[in-house]
Protein chains: 2
Amino acid sequence: MSKPKRLMELMMTVNRKKKFTVKELASEFDVSTRTILRDLQELSELGVPLYSEVGPHGGYQVLNERILPPIAFTEEEAVAIFFACHALRHYAYLPFETESSSALNKFYFYMSGDVRDRIDEMKNRIDFVIPSRQAKFPYLSILLDGAIRQKVIRIEYESREGVSARLIQPVGIYASSGLWYCPAYCFLREDIRLFRCDRIKSAAEDTSGTHPLDLRNLHLGNREALLPSEQEFTSLYAELSEEGVHRCEAEYWSATKLHRREDGTGWLEGSMPKRDIPFLAQFFIGLGADATVKYPPELIDDIKRRLTEMMARYG
Amino acid sequence: MSKPKRLMELMMTVNRKKKFTVKELASEFDVSTRTILRDLQELSELGVPLYSEVGPHGGYQVLNERILPPIAFTEEEAVAIFFACHALRHYAYLPFETESSSALNKFYFYMSGDVRDRIDEMKNRIDFVIPSRQAKFPYLSILLDGAIRQKVIRIEYESREGVSARLIQPVGIYASSGLWYCPAYCFLREDIRLFRCDRIKSAAEDTSGTHPLDLRNLHLGNREALLPSEQEFTSLYAELSEEGVHRCEAEYWSATKLHRREDGTGWLEGSMPKRDIPFLAQFFIGLGADATVKYPPELIDDIKRRLTEMMARYG
DNA sequence: TTTATTTGTGACAATAGTTGTCACTATTAT
DNA sequence: ATAATAGTGACAACTATTGTCACAAATAAA
């Protein structure tokens, strides 16, 4: 085995093992321990964060900031990655912002000038529009870490009734229309609740000793399971024009209740929590002539009440 | 200079030059031509697409699929890139889809198992919600290429009046709320128009000889310049509640007209094209009690007309 | 057709880099 | 005190690389 190849594989091996000895690696690679010592010295000089301990039960460890073996990407691949990261630039407070930026700097350094020019030109030609928000989301990393490692987080949450302290265990975080949301198990309500991340005023790992639940089978993908469970439901049916179909397509809650006809029109049909009727009334009013609610009657009544109120307001 | 270092720099040099000779490189790197020949052979074996021509004015060229020198990323950088690409997975038809995917496969190959596990777990814990669209956008690459290289594109566009052929010169493409849009100079209307990409039924480079305009100073960033220029305007003023402010924040057209007060409420004020009054009427109806339009009178009249129609529809 | 310019190949002596062995040191837990 | 670990320097043996040389092949231009 050539030296360059051996160094590459050694890098992958040390990244994989938590702890290892020089003797063990020498045996595995069929070289002398002296050679392994030299190789590890060379990896160290290349920036691999190796740490050694002398004595029985000693050996080497890799500190947490591990480095991948060098990878040769095509320029097209680098451009693709550039634009993926570019697409997310509107999101402040992203958990990986620093790392993203340093990765792109590395690519930029190794690219020839004409590809750089091309990227700079493309920055002006393709964009992903995210609504610009004044809201701030400084605790995304903590929430994400809590979700991954099944941790209890103490937050201060601002709702209509004011700021209250809560213990939550996050399921995950997601961004929609420029805002971040965190579905989490709320120990106060003893149920899954959806938190808006800009309304979280502080967040820190809980130190009171509350035991986390096992939420491993609960994640962002099974979203129906995230809905609050104990509440009254009602049946909804609304006719939609073609434009109404398009607009309901874009709504998080309505996508699963949307049915289409061949001519492009469609209808919404399904169970909704009764407590959502105010939201639904305003939503269908916003759809105007593109939607007509057939039932439930409570919803139609609320729509009429709001229309009357608006008629009065505009004289 | 050590051989590995020389190979790295040689890779960057060949990527930069369009065409070069062995003699030129030997002089530049202060080695013999025989060594350069060997080095080029070795780069070739590493996958660098070199092409040579014998004879006067001969030499080497790199074919277009250039490869970057191997780059050593930290694992955190790789994770960040993974999630940038992950964020875009909802967008079908993206111009760089294949390249993105192959780049991620390279990362995945070199990562140790525990980081892979971590990424797989994170996939369930962080998400970027893009409205799911039934629409199709098969011509994004052509439009983007047209924008970058200032080309005229022949399209078939489906509007309310039916499908019509158009010659356009794209300014760029952008995604908003799951749909793609292409602002372009329209040779038929002799003005900048905004095209929805799912309504483009075909697109190909124009072969009729129409000369492209010089649109280099026009790009997605100076969006006000993209608005149609010859039309009637009217003054808009509307009071907003705190919630109304939040909802106008998310709107592409209203962000520049939004003013805030310290208590969180605000108002919209500014010039709007008269032809947008139907859209505005429905928009403010959708805001319900969170907005009150003060002027223009035509807008208030349209709002009242729509409210009356809806009252009649719901009995 | 000839000439000059380019890439290209193989061989080999000289040079540079790498490896394993050896002898020894230092640290640390048991 | 002992055993197990990392660590260092030196040197002969071995391997890889380099430059020189002689020659071959292809090609455009005069």
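In what follows, chains are A, B, ... by sequence order, proteins preceding strands, each numbered from 1.
The CG atom of L37(A) sits 14 Å away from the C1' atom of dA4(D) (whole-angstrom rounding). If you take NE2 of H57(B) and P of dA28(D), they are 9 Å apart, rounded to a whole angstrom. Remark: C1' of dT8(D) and CD of Q41(A) are 11 Å apart, rounded to the nearest angstrom.
Remark: I142(B) engages Y139(B), I153(B), A203(B) in a side-chain contact (heavy atoms from CB on, under 4.5 Å) (not counting sequence neighbours). Under the ring pair (Phe, Tyr, Trp, His ring centres under 6.0 Å) criterion, Y108(A) pairs with F82(A), not counting sequence neighbours. Every ring pair (Phe, Tyr, Trp, His ring centres under 6.0 Å) that F73(B) has, sequence neighbours left out, goes to F107(A), F107(B). Legend: residues meeting ring pair (Phe, Tyr, Trp, His ring centres under 6.0 Å) with Y110(A), ordered by chain and number and at least two apart, are absent. Listed by chain and residue number, N15(A), R16(A), R66(A), E75(B), D114(B), V115(B) satisfy the side-chain contact (heavy atoms from CB on, under 4.5 Å) test with S112(B) (two or more places apart in sequence, or in another chain). In this structure, D117(A) has no side-chain contact (heavy atoms from CB on, under 4.5 Å) partners at least two apart in sequence or on a different chain.
Each salt bridge (Lys or Arg N to Asp or Glu O under 4.0 Å) pair with one or both residues in residues 36-55 of chain A, not counting sequence neighbours, appears once here: K3(A)-E42(A), R6(A)-D39(A).
Residues of residues 12-27 of chain A that place a heavy atom closer than 4.0 Å to DNA chain C do not occur.
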Worksheet item: Could you write nucleotides 14-26 of chain D as a row of B, S and -, 5' to 3', where a protein heavy atom under 4.0 Å of any base atom gives B, of only sugar-phosphate atoms gives S, and otherwise -?
Response: ---SBBB----BB
Item to complete: Any chance you could lay out the salt bridge (charged side-chain N to carboxylate O under 4.0 Å, His left out) test for E205(B) and R149(B), step after step, and finish with the verdict?
Response: CA-CA 11 Å; E205(B) 198 170 331; R149(B) 297 178 203 276; over 6 Å; no
